[in-house]
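Quick note on labels: first sequence line is chain A, next is B, and so on, each numbered from 1. Remember, it's a predicted structure, so these values are computed and weren't measured experimentally.
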Protein chains: 4
Amino acid sequence: MRGPGRPRSDQARDAILDAAFQLLEENGLERFTIEGVAARSGTAKTTIYRWWPGKGALAMEALLAHAELTVPTPSTASAVADLRTMLQGIARSFAGATGRVVASIVLAGQNDPATLKVYHEKVVEPRRQRLRDIIERGKSNGEFRGDLHVETLVEAMYGALYTRLLIRFSPLDEAGWMDRHITQLLEGALPRPLCDRKA
Amino acid sequence: MRGPGRPRSDQARDAILDAAFQLLEENGLERFTIEGVAARSGTAKTTIYRWWPGKGALAMEALLAHAELTVPTPSTASAVADLRTMLQGIARSFAGATGRVVASIVLAGQNDPATLKVYHEKVVEPRRQRLRDIIERGKSNGEFRGDLHVETLVEAMYGALYTRLLIRFSPLDEAGWMDRHITQLLEGALPRPLCDRKA
Amino acid sequence: MRGPGRPRSDQARDAILDAAFQLLEENGLERFTIEGVAARSGTAKTTIYRWWPGKGALAMEALLAHAELTVPTPSTASAVADLRTMLQGIARSFAGATGRVVASIVLAGQNDPATLKVYHEKVVEPRRQRLRDIIERGKSNGEFRGDLHVETLVEAMYGALYTRLLIRFSPLDEAGWMDRHITQLLEGALPRPLCDRKA
Amino acid sequence: MRGPGRPRSDQARDAILDAAFQLLEENGLERFTIEGVAARSGTAKTTIYRWWPGKGALAMEALLAHAELTVPTPSTASAVADLRTMLQGIARSFAGATGRVVASIVLAGQNDPATLKVYHEKVVEPRRQRLRDIIERGKSNGEFRGDLHVETLVEAMYGALYTRLLIRFSPLDEAGWMDRHITQLLEGALPRPLCDRKA
DNA sequence: GAGTAAGCGAGACGGTACGTCAAGTCTTACA
DNA sequence: TGTAAGACTTGACGTACCGTCTCGCTTACTC
């Protein structure tokens, strides 16, 4: 049921993606070269160019293939607890090798909108959706305000993650950071009225 | 009181920084080359390498020299209003050419910690400090809760800016987003108690 | 009476040789590629490699199959006249597309002795033999000296042809040059004695 | 009196031409690669491309720089003797390494008219001129016929050389070949009249 | 004012990687 | 078994920049 011709070698494909991911971890994208991937993977440069248009796309696919992007989606009775679990999972993965690779991808994406678009579709959007779902659940069960703007909350939560990853205000693995961040996002900055629930 | 030898040419220096900034705007950092800067500025590569260690440092200095990074620090009676003014100013500057250059620099910094460090010291930290000052003022005058964690709020506010700049969740010049973002950061996500101040 | 399996396709063979000859005419051997022949002929590279060991051999066979190398062998009473007829025929064919292809083949042969050997056997030797025959006839009937060294004359005659073809001292289609060349080869360079037959 | 900038390195130039000549001798032009020359000479590919447009031109210059193309121009009382001396010298040089390189050059020239043109100007034409001079001298002093067509004789003499080099009718170092060839060119092929000077 | 010490432009140098082309081999589906 | 299709490794192509290195020339300060 397949056309004629030698079928694509999965062995080559895997070797390329493995090598690409390793090199991305080791060097970052700046010193990530197609030539290097070819050498490390034992394949030919042409084979790489046959299947990927450039380093951005290759790095992207290497990330998707290898990184543990599949942070578990928690689903307990408490939306707040689920938020904490999920975001801390992402923070953990960003703090390690995956984070370095993600940073590379985003970097590549600046001059390669196609790659950034794929990253959005495959990584960012699915996660945002899961976050949205949890928040909506929180709105339904009264954990959150009914007039909460979901997108804005999502953005604020992700924003801190990506900013620590890329701008490095402070380390991603700082103890208690994520917890404190979430708490304050939820509680806001304004003074509590006298009859505050915590009063 | 200066040693012997021909003094450094300010004309060359300016021509280099001008050319660098232009090329950064036009091409992003990926296609930003020392060779290109030399050609555009009419100087010799040697001259560039004499004064800057690499493209990261040059780009950094070109940014600092040209971009209107000096957003005015507002100082009215209302800390909340000042926050809005300041952050909207930054958003505006990020939405234009400066934003593209900043993105380039920050991402280049992923593989060039020295450059990123300079960016922190010269750009990020001063702004964060101004933000902290405003927030502290708000705490003092009762606009904000007394137990507010200032750093966390600063990070949340900047996070959204940088994330829109780098990850491009949504455009930086979307009408009203900054306002909405700030409002929600201040109000939090939890339900308002019955005796809410707005009730 | 043939073994099992699909028989060789003459259609493919012809398409390959046609395409090869066309490409040889168009580009010369330098830019003559097996890949190009496969594309132009609509066959697979595999098929070409199954039947020919390399580009030299293929070009050779394409030449033999298509070029009008079969200059008519004249045979009149006058050996001298026959020589002129034959050599002028070859000159004419060398002056056109065939000449370019022959030049390609011969020069390719510099690094591919097998191909050059085939060219000798299939093209050069038969023609030289015909030339020898004519000259021998001339010796028999008194047109030429009895102690003439035939091989040397053959070589002198061919030499001029190939040299114009390959070194391009002068164009192959220069009017009258072949005639003049033959005449002088026959008459020699020495002064005519007083009782010269023309005296 | 030289412009600014680092002067061209003669060391690099010589290393390149040496390496090129060696590789030409070893492999012929077919397997002669710029990459190989760079490796052998210890220079960078870019340096080669800076000074030579392609392999044809490089091979050409390597030949001119190294080959003993300066066959001595004899000048004795006898033009015939001088012809023999000169042509035998060329034959000797063609029979060795120089010959292989010359063959390569001519080959390259088929698809690179500029290279062939240089070869004409620098090698072929000077030699032809020297041959012409000798022949004219022979005409003047009565060794040759007064109505001898000089160009044709030159061509016939060279033709045999290049043809043996390229077509390989017979080896260039066959004993006595050149002598016999010259003799017959001079004496012609026609029967000697009764009062022939040799009679 | 001669000497000396930088800075400057130009541009050649050894390199690395680029993205492309073709070579020749191999593996499939189909005839 | 032959053929078209097409993926594979290999190796060279010619180009773009890298960062370094002479050069000749231009300013200064210093003796």
Please determine whether a side-chain nitrogen or oxygen atom of R50(D) lies at a distance below 4.0 Å from atom OP1 or OP2 of dC13(E).
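Indeed, a polar side-chain atom of R50(D) lies that close.
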Between [atom2] on [N] and [atom1] on [X], what's the gap in Å once rounded to a whole number?
X: Y49(A); N: dA7(F); atom1: OH; atom2: C1'; value: 18 Å
X: R8(D); N: dG14(E); atom1: CZ; atom2: C1'; value: 15 Å
X: Q11(A); N: dA7(F); atom1: CD; atom2: P; value: 17 Å
X: E30(A); N: dC17(F); atom1: CD; atom2: P; value: 15 Å
X: F32(B); N: dA16(F); atom1: CZ; atom2: P; value: 19 Å
X: I48(B); N: dC17(F); atom1: CD1; atom2: C1'; value: 12 Å
X: L58(A); N: dG19(E); atom1: CG; atom2: C1'; value: 14 Å
X: W52(C); N: dA23(E); atom1: CH2; atom2: P; value: 15 Å

Is it the case that the base of [N] and the side chain of [X] share a donor-acceptor contact (distance under 3.5 Å, atom types as modelled)?
X: K45(D); N: dG14(F); answer: yes
X: R6(D); N: dC21(F); answer: yes
X: T46(A); N: dT10(F); answer: yes

[X] side chain, from C-beta outward: closest of [options]:
X: I34(A); options: dT9(F), dC18(E), dC13(E); result: dC18(E)
X: T47(B); options: dA12(E), dC18(E), dC8(E); result: dC8(E)
X: A44(A); options: dG9(E), dG15(E), dT9(F); result: dT9(F)

Using a heavy-atom cut-off of under 4.0 Å over every strand shown, decide if [X] touches base, sugar-phosphate, or nothing.
X: G42(B); result: sugar-phosphate
X: W51(A); result: sugar-phosphate
X: T33(C); result: sugar-phosphate

On DNA chain E, does the nearest nucleotide to R31(C) precede the nearest nucleotide to R13(B) from the 5' side, or the other way round? Give the residue.
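Result of the comparison: R13(B).
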Using the closest heavy atom to pick a nucleotide of DNA chain E for each, name whichever of E35(C) or K55(A) lands nearer the 5' end.
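This one resolves to K55(A).
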Passes side-chain contact (heavy atoms from CB on, under 4.5 Å), I34(A) versus W52(A)? Steps please.
CA-CA 10 Å; I34(A) 299 277; W52(A) 292 276; over 6 Å; no
Salt-bridge test for K45(A) and E35(A): reply yes if a basic N is under 4.0 Å from a carboxylate O, no otherwise.
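Yes.
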If you measure from the Lys or Arg side-chain nitrogens to the Asp or Glu carboxylate oxygens, is any gap between R40(A) and E26(A) under 4.0 Å?
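Yes.
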Map P53(B) and S9(A) onto DNA chain F by nearest heavy atom, then report which one ends up closer to the 5' terminus.
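First, find each residue's nearest nucleotide; the 5'-ward one identifies S9(A).
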Residue met sooner reading DNA chain F from 5', once D10(C) and G54(D) are mapped to nucleotides
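Looking at the nearest nucleotide for each, D10(C) comes out on the 5' side.
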Take H66(C) and E61(C), measure what side-chain contact (heavy atoms from CB on, under 4.5 Å) needs, and give me the verdict at the end.
CA-CA 8 Å; H66(C) 287 81; E61(C) 192 160 337; over 6 Å; no
Heavy-atom closest pair, residues L63(D) and V101(D)
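Minimum heavy-atom separation between L63(D) and V101(D): CD1-CG1, 3.6 Å.
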Work out which heavy atom in A15(B) is nearest to a heavy atom in S41(B); give both atom names and the distance.
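Nearest heavy atoms, A15(B) then S41(B): O-CB, 3.4 Å.
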